[in-house]
Amino acid sequence: MLKHIIHDWDDEKSLQILRNVRAAMNPDGKVLIVGTVVPDDDHEHLSKLLDLEMLVAANGRERTEAEYAKLLSEAGFRHTRTIGTVGPASIVEAAGV
């Protein structure tokens, strides 16, 4: 489980982290990413403010579900689902390919 980790980094470094996780885990294992998922619509959402904060403070970023799926695919995972929570964070689940 990676909680509020991936959003601290740009795509290149996030991909490196995810590839390291993939290499270290069991072939049939899963990874859970707990973090804010930016909605695809134009409605107000805390994640959009956090995205600006991460860009300025840490050169990181918040991502949409599609962006997480692409990043996970490039690291050798298959995005299986995204689970919303009552707070601003979601759980992005992925399995090994």
Side-chain angles (χ1 to χ4, degrees):
M1 177 169 48
L2 302 170
K3 184 176 180 186
H4 301 296
I5 302 295
I6 298 301
H7 78 147
D8 286 345
W9 306 100
D10 62 22
D11 286 349
E12 182 181 323
K13 289 186 177 148
S14 294
L15 190 54
Q16 181 180 359
I17 292 167
L18 291 169
R19 283 181 175 149
N20 288 340
V21 169
R22 181 69 184 109
M25 63 185 256
N26 290 329
D28 59 345
K30 291 185 180 183
V31 64
L32 302 175
I33 300 172
V34 180
T36 305
V37 177
V38 179
D40 290 324
D41 59 34
D42 290 335
H43 292 90
E44 289 183 21
H45 194 271
L46 179 62
S47 63
K48 295 174 183 180
L49 176 61
L50 293 174
D51 188 30
L52 289 173
E53 239 178 67
M54 292 310 301
L55 176 64
V56 172
N59 199 29
R61 58 181 300 214
E62 305 298 341
R63 293 173 174 83
T64 64
E65 185 174 26
E67 290 170 329
Y68 271 115
K70 181 178 183 281
L71 197 62
L72 287 161
S73 176
E74 291 176 17
F77 290 99
R78 179 178 44 85
H79 174 247
T80 53
R81 63 184 172 152
T82 299
I83 305 162
T85 67
V86 295
S90 294
I91 302 167
V92 178
E93 180 187 85
V97 178

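Residues take their numbers from the sequence shown, with the count starting at 1.
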S.K.: Sub-3.5 Å donor-acceptor pair from the side chain of Thr80 to the main-chain atoms of Ala95, do we have one?
M.R.: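 Checked: no pair found.
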S.K.: Could you tell me whether the side chain of Ile17 reaches within less than 4.5 Å of the side chain of Trp9, counting heavy atoms only?
M.R.: yes
S.K.: Please report the interatomic distance CE(Met1) to NZ(Lys30), rounded to the nearest 0.5 Å.
M.R.: 14.5 Å
S.K.: Could you check Phe77 against Val31 for side-chain contact (heavy atoms from CB on, under 4.5 Å), going step by step and ending with a plain yes or no?
M.R.: CA-CA 9 Å; Phe77 290 99; Val31 64; 3.6 Å; yes
S.K.: To the nearest 0.5 Å, tell me how far Ser90 OG sits from Ile33 CD1.
M.R.: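 Reported value, rounded in 0.5 Å steps: 11.5 Å.
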S.K.: Tell me the closest heavy-atom pair linking Arg22 and Pro27, and the distance in Å.
M.R.: NH2-O, 3.6 Å
S.K.: Using a 4.5 Å cut-off on heavy atoms from C-beta on, say whether the side chain of Leu72 contacts that of Val92.
M.R.: yes
S.K.: Considering all heavy atoms of both residues, which atom of Ala89 and which atom of His4 are nearest to each other, and what is their separation?
M.R.: CB-CE1, 4.4 Å
S.K.: List the steps and the verdict of side-chain contact (heavy atoms from CB on, under 4.5 Å) for Val34 and Thr85.
M.R.: CA-CA 10 Å; Val34 180; Thr85 67; over 6 Å; no
S.K.: May I ask whether Val21 and Leu15 are part of the same hydrophobic cluster, defined by side-chain heavy atoms of I, L, V, M, F, W, Y residues being less than 4.5 angstrom apart, directly or through others?
M.R.: yes
S.K.: Can you tell me how far CD of Glu74 sits from CZ of Arg19, rounded to the nearest 0.5 angstrom?
M.R.: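 Interatomic distance, Arg19 CZ to Glu74 CD, rounded to 0.5 Å: 7.0 Å.
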S.K.: Rounded to the nearest 0.5 Å, what's the gap from CG on Leu2 to CG on Leu32? Could you check?
M.R.: 8.5 Å
S.K.: Atom CD of Gln16 and atom CG of Asp10: how far apart are they, to the nearest 0.5 Å?
M.R.: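 It is 10.0 Å, given to the nearest 0.5 Å.
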S.K.: Would you give the length of the straight line joining atom NE2 of His7 to atom CD of Glu62, rounded to the nearest 0.5 angstrom?
M.R.: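 So the gap between those two atoms works out to 5.5 Å.
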S.K.: With Arg63, which of Ile6, Thr36, Val37 fulfils side chain to side chain contact (heavy atoms under 4.5 Å, CB included)?
M.R.: Ile6
S.K.: With a 4.0 Å cut-off on N to O distance, would you call Asp11 and Lys70 a salt bridge?
M.R.: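 Result for this pair is no, no salt bridge flagged.
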